[in-house]
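Computed from a prediction, not measured in an experiment: that's the story for all the values here. Basis for what follows: all heavy atoms, side chains included, without hydrogens, waters or symmetry-related copies. Numbering of ligands and ligand atoms starts at 1, following listing order.
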Amino acid sequence: MDQLIIEGGSPLYGTVGISGAKNAALPLLAATLLAPGLHTLHNVPDLRDTRTMLNLLEILGARWEREGQTVRVDSSHLTGREAPYDLVKTMRASVLVLGPLLARSGFARVSLPGGCAIGARPINFHLKGFEKLGVTTRLEHGYVEAAAEGLLHGGTVYFDVPSVTGTENVLMASVMAKGTTVIKNAAKEPEVGNLIDMLVAMGAEIEGKGTDRLSIHGVDRLHAAESTIIPDRIEAGTYMIAVAAAGGKVTLTGCLPIHLSALTEKLLLCGVCIETTADSLTVSCPEVDGRSICRPCSVDITTLPYPGFPTDLQAQFMALMVLGDGTSIIHETIFENRFMHVAELKRMGADITIEGSRAVVRGIGRDKLCGAPVMATDLRASASLVIAGLTASGTTKVSRIYHLERGYENMAEKLRSLGAKIWKVKA
Ligand code: EPU
């Protein structure tokens, strides 16, 4: 199994390009199942998760090819309607094929995802949403079977909590339903907006993009289209936090700062300097004793649906707060078990106590973390351990980095190009 070896203590300088968003690429790839023809998607990151989704499309009968960051999917002749256990267990987002398969053929069978490292993560909102559109769902042998007699029809779907993939799944199921579907308390994440743009380019009629109320007027058919994946705001946010922690000055190109305002506000409070243009962002630390480095002011965060502070940046922000000048309260409200990185950060010397859904992080200051062998438990937890390793003295070995490779394109290479001492090795 591969490991990352990090020699901490080098500040980061230079420019790094941000990849396409994993969490936009997955629903947009699934949406190619909606209409026959050749779909072209640009800026698709080459990640473990996008490869898994392409595998799944292939199992369903689609053909695809990749040329650089462009992926072409031909979904003219679908031959399957089932997402098997072996795939779903490696990537929960496989459930995103439910909506498009239902819309295209009125039937889908998908292995029910189990819990994962960050929480139980049920899909009951997705299934209740489909039921409002005339779909019958049942659970059999660990699989969800969803079927509609005849055409799906419009309906009103209310989400108790604004679920990102739930909104995407119901959107995709409803675009060709008879009549109008209204999704209330819909997720407003930019990735949902990216999917709406693709569906509209395919001929769908959708109102309310960027709001929590979406109206979908069903159309008779859709056609293949060309779309571009938005930049990955979580990857960009991870590098912003890495610079704040390790020191230095880095420009992120090909990103959308407008999607990062919650993090930007918090980093400014920490004492980090941030300059933005429409599609780039420069993060720098103030000079102290001739070193571009800061001891961040400790600030509190609460994770919330967009535009609130993203849960997908909570672990990375915690690694920064470990270096803070006081106490920071980190309140995780989206997932019930997203503090798996705490035990590993403590092994490196962090002072953190968990109280229910809150972590109390008592800053230990700069140059106090100590490199150690640590284990990645999920994608974003892995990124927080890398950030901690960049600031720690000595060597940090991060194992189980397949988690990291699910969602970060060439992270070690990108960090190395900024001056970090980080290598991927075979354990
Ligand atoms: N929820 C339910 N029932 C449902 C759906 C969700 O109870 O049917 C609950 C969840 O358990 C959670 C909350 O609602 O407590 C919100 O979950 P949501 O459905 O929004 O999460 P998701 O769609 O499964 C996506 C991202 C996650 C990201 C969350 C929150 C994708 C493929 N995944 O998951 O990304 O953390 O939204 O923003 O878009 C990651 O990239 O590391 C990652 C975990």
Report task. Select all protein residues for which some heavy-atom-to-ligand 1 distance is less than 4.0 Å, and list them by chain and number. Result ->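 K22, N23, A93, I118, R121, P122, I123, N124, F125, H126, V161, P162, S163, V164, T165, T311, D312, I334, F335, R338, L379, R380.
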Query raised in the report: Which pairs with one or both residues in residues 157-178 pass salt bridge (Lys or Arg N to Asp or Glu O under 4.0 Å), sequence neighbours excluded?
Result: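 Every pair satisfying salt bridge (Lys or Arg N to Asp or Glu O under 4.0 Å) with a residue in residues 157-178: there are none.
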Query raised in the report: Pairs in or reaching into residues 397-407: which pass salt bridge (Lys or Arg N to Asp or Glu O under 4.0 Å), with residues at least two apart or in two chains?
Result: R48-E405, D49-R406, E405-K424
Report task. Describe, in one word, how the ring planes of H259 and Y306 are oriented to each other, choosing from parallel (under 30°), tilted (30 to 60°) and perpendicular (over 60°). Result -> perpendicular
Query raised in the report: Side chains of T238 and Y408: does their closest heavy-atom pair fall under 4.5 Å?
Result: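 Result yes, sub-4.5 Å side-chain heavy-atom pair found.
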Query raised in the report: Do the non-hydrogen side-chain atoms of L56 and M91 ever get within less than 4.5 Å of each other?
Result: no
Query raised in the report: Among all residues two or more places apart in sequence or in another chain, which pass the ring-ring contact (aromatic ring centres under 6.0 Å, His included) test with Y239?
Result: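 Scan of Y239 (ring-ring contact (aromatic ring centres under 6.0 Å, His included), adjacent residues dropped) gives none.
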